[in-house]
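So the structure is just underneath, and the comments pick up after that.
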Amino acid sequence: MFRKKWLDIPTGYRRLLFLSLMVILLVGIGVAGFMHYESLTFFDSLWMTIISVMTIGYGDMYPVTDEGRRFALLIVPLGAGIVTYGLGTAASYLIEKQLSQKVWDKQMDHEIDKLEDHILVCGFGRVARQVYRELRDMEEEMKVLYIHDNEDELLEVVDQGTLRLVGDPTDRDILEKARADKARGLIAALDNDADNVFITLTAKGMNEDIEIAARAEKEGSEEVLKRAGATRVINPSSIGGRELALSVVSPSGIDFINDLMMAEKKEFVVGEVILGDRCPLVGKSVESSKLRREYGVTLLAINREKGVLSNPDPDEPFKAGDKLIVAGNQDSIASLDGKVNGTTE
């Protein structure tokens with residue numbers, strides 16, 4: 001048990017703790033030895049020990065007995081060894097830290113320069129931290145780059161290996177460095193609505209096809225963000241208020257949804273599948289496609305250009321370009337996507 005706790009401490013701190021214990025032990029032995037052999041007071045013994053350990057030479061006070069000199073011959077080399085070890089440890093720690101940081105920064109810059117079809121998360125406040133947790137827990141492999149102007153705040157939450165870019169996300173140069181022109185999506189999660197509008201306008205100007213989900217604090221900002229180019233606008237306050245109301249009116253339904261969202265293992269998720277021109281489902285009705293029996297998913301809605309068909313009629317035919325909103329486990333949704341679009345047999 002003790003060994004496990006000791007190994008949990010970072011190497012640098014273990015060395016520092018070990019060095020501190022060695023110094024305390026050596027000083028304690030030195031004080032006791034000089035008090036015994038030289039018959040000195042506690043303060044004089046402490047003074048004698050310090051100048052011996054630090055090897056700064058004796059001046060106004062030095063050992064006068066043979067036993068004291070022999071004891072000093074033991075203390076001086078031990079003190080020199082511990083001081084040398086301490087200086088070496090400190091220098092090694094600083095050099096390793098700086099070197100590893102430079103190597104990591106260079107490697108991260110190299111990874112960012114190669115990013116394509118990735119997701120940008122701008123800002124790292126309360127909402128963005130929850131975004132990070134959700135994206136991290138998803139089984140789907142995706143490249144996500146977090147942009148924030150304070151790296152210390154990022155490192156308080158994200159894993160060390162997480163791609164991150166330190167800078168102001170409202171700065172066009174930062175978005176260019178983050179390769180927003182090659183990104184598939186962007187999440188504008190800053191606390192200020194005006195900043196989210198500016199990020200949305202800038203990103204859309206760089207990449208017309210980018211999907212942008214923006215956070216809004218004020219109700220009036222939602223329309224402004226959509227006009228700026230945001231694909232979707234989320235108001236956390238409105239969602240929270242709606243959930244609080246439904247928690248009283250329909251508590252079982254809300255509990256069920258929350259259990260699905262909070263579960264560590266996502267056995268039931270909502271996903272989307274886009275039907276291509278050559279998709280075998282095109283022309284078939286909802287009933288004849290047998291999505292539940294053949295693929296293990298439940299059709300919730302069909303998203304078309306004219307709008308969303310919720311709980312579609314069994315006789316409704318599928319059309320090319322339809323976006324199916326389905327519920328099921330992640331493997332079933334991935335299997336459906338692969339089969340209907342010809343990526344898997």
Side-chain angles (χ1 to χ4, degrees), residues 117-135 138 142 144-149 165 167-176 178-250 253-254 257-258 261 270-274 300-312 319 321-325:
D117 197 35
H118 55 293
I119 297 174
L120 302 176
V121 178
C122 298
F124 207 70
R126 174 174 49 86
V127 173
R129 295 186 181 202
Q130 185 60 40
V131 170
Y132 162 75
R133 297 185 183 98
E134 291 295 327
L135 293 177
M138 289 182 179
M142 62 182 74
V144 184
L145 175 63
Y146 296 87
I147 307 174
H148 190 45
D149 56 6
L165 181 60
D168 185 356
T170 62
D171 188 341
R172 182 182 178 86
D173 293 337
I174 294 296
L175 291 179
E176 288 180 350
R179 295 175 63 84
D181 58 324
K182 300 292 184 180
R184 72 185 249 199
L186 182 147
I187 299 174
L190 275 72
D191 298 336
N192 188 292
D193 289 352
D195 289 340
N196 290 329
V197 171
F198 187 82
I199 291 173
T200 302
L201 287 169
T202 305
K204 271 294 182 180
M206 298 170 63
N207 183 355
E208 293 182 357
D209 297 327
I210 191 171
E211 294 279 333
I212 298 180
R215 169 190 178 181
E217 283 297 317
K218 300 178 182 178
E219 293 184 4
S221 300
E222 298 180 14
E223 186 64 29
V224 176
L225 282 162
K226 288 182 179 179
R227 290 180 181 178
T231 312
R232 292 171 184 79
V233 180
I234 306 297
N235 189 322
S237 299
S238 297
I239 294 176
R242 188 181 303 117
E243 183 172 344
L244 285 172
L246 291 175
S247 296
V248 176
V249 178
S250 304
I254 288 295
I257 294 174
N258 286 335
M261 296 295 292
V270 176
E272 59 182 42
V273 176
I274 301 176
L300 302 178
I302 302 175
N303 191 351
R304 288 177 179 161
E305 293 183 357
K306 295 182 180 180
V308 178
L309 298 177
S310 299
N311 192 23
K319 299 179 181 180
D322 281 354
K323 185 181 293 183
L324 308 187
I325 311 301

Report the C-alpha separation of F198 and L190 in whole Å, then their side-chain angles, then the decisive distance to 0.1 Å, and conclude whether the side chain to side chain contact (heavy atoms under 4.5 Å, CB included) test is met. CA-CA 11 Å; F198 187 82; L190 275 72; over 6 Å; no
Using the rule given for side chain to side chain contact (heavy atoms under 4.5 Å, CB included), can you reason through I147 versus L175, listing the C-alpha separation, both sets of side-chain angles and the distance that settles it, and then say yes or no? CA-CA 9 Å; I147 307 174; L175 291 179; 4.2 Å; yes
Side chain to side chain contact (heavy atoms under 4.5 Å, CB included) for I234 and R215? Distances and angles first, verdict last. CA-CA 5 Å; I234 306 297; R215 169 190 178 181; 5.8 Å; no
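Heavy atoms from other residues, nucleotides or ligands lying under 6.0 Å from CZ of R227 number 12 at most.
Taking the six-membered ring where tryptophan is involved, the planes of Y146 and Y132 are perpendicular, since the angle between them exceeds 60° and thus also 30°.
Among all heavy-atom pairs drawn from G321 and I274, the shortest one is O-CG2, 4.5 Å. The minimum heavy-atom distance linking V121 with A128 is given by the pair CG1-CB, 4.3 Å. Closest heavy-atom contact between D193 and S221: OD2-OG, 2.7 Å. The nearest pair of heavy atoms linking E211 to T231 is OE1-CG2, 3.0 Å. Of all the heavy atoms in G229 and K204, the pair that sits closest is O-CE, 3.0 Å. Between P169 and I199, the closest heavy-atom pair is O-CG1, 3.6 Å.
A heavy-atom distance below 4.5 Å is not found between the side chains of E176 and D181. You'll find the side chain of V224 stays beyond 4.5 Å of the side chain of K226, heavy atoms only.
Under the 3.5 Å distance criterion, with hydrogens and angles disregarded, a donor-acceptor pair is assigned to the side chains of E222 and N235.
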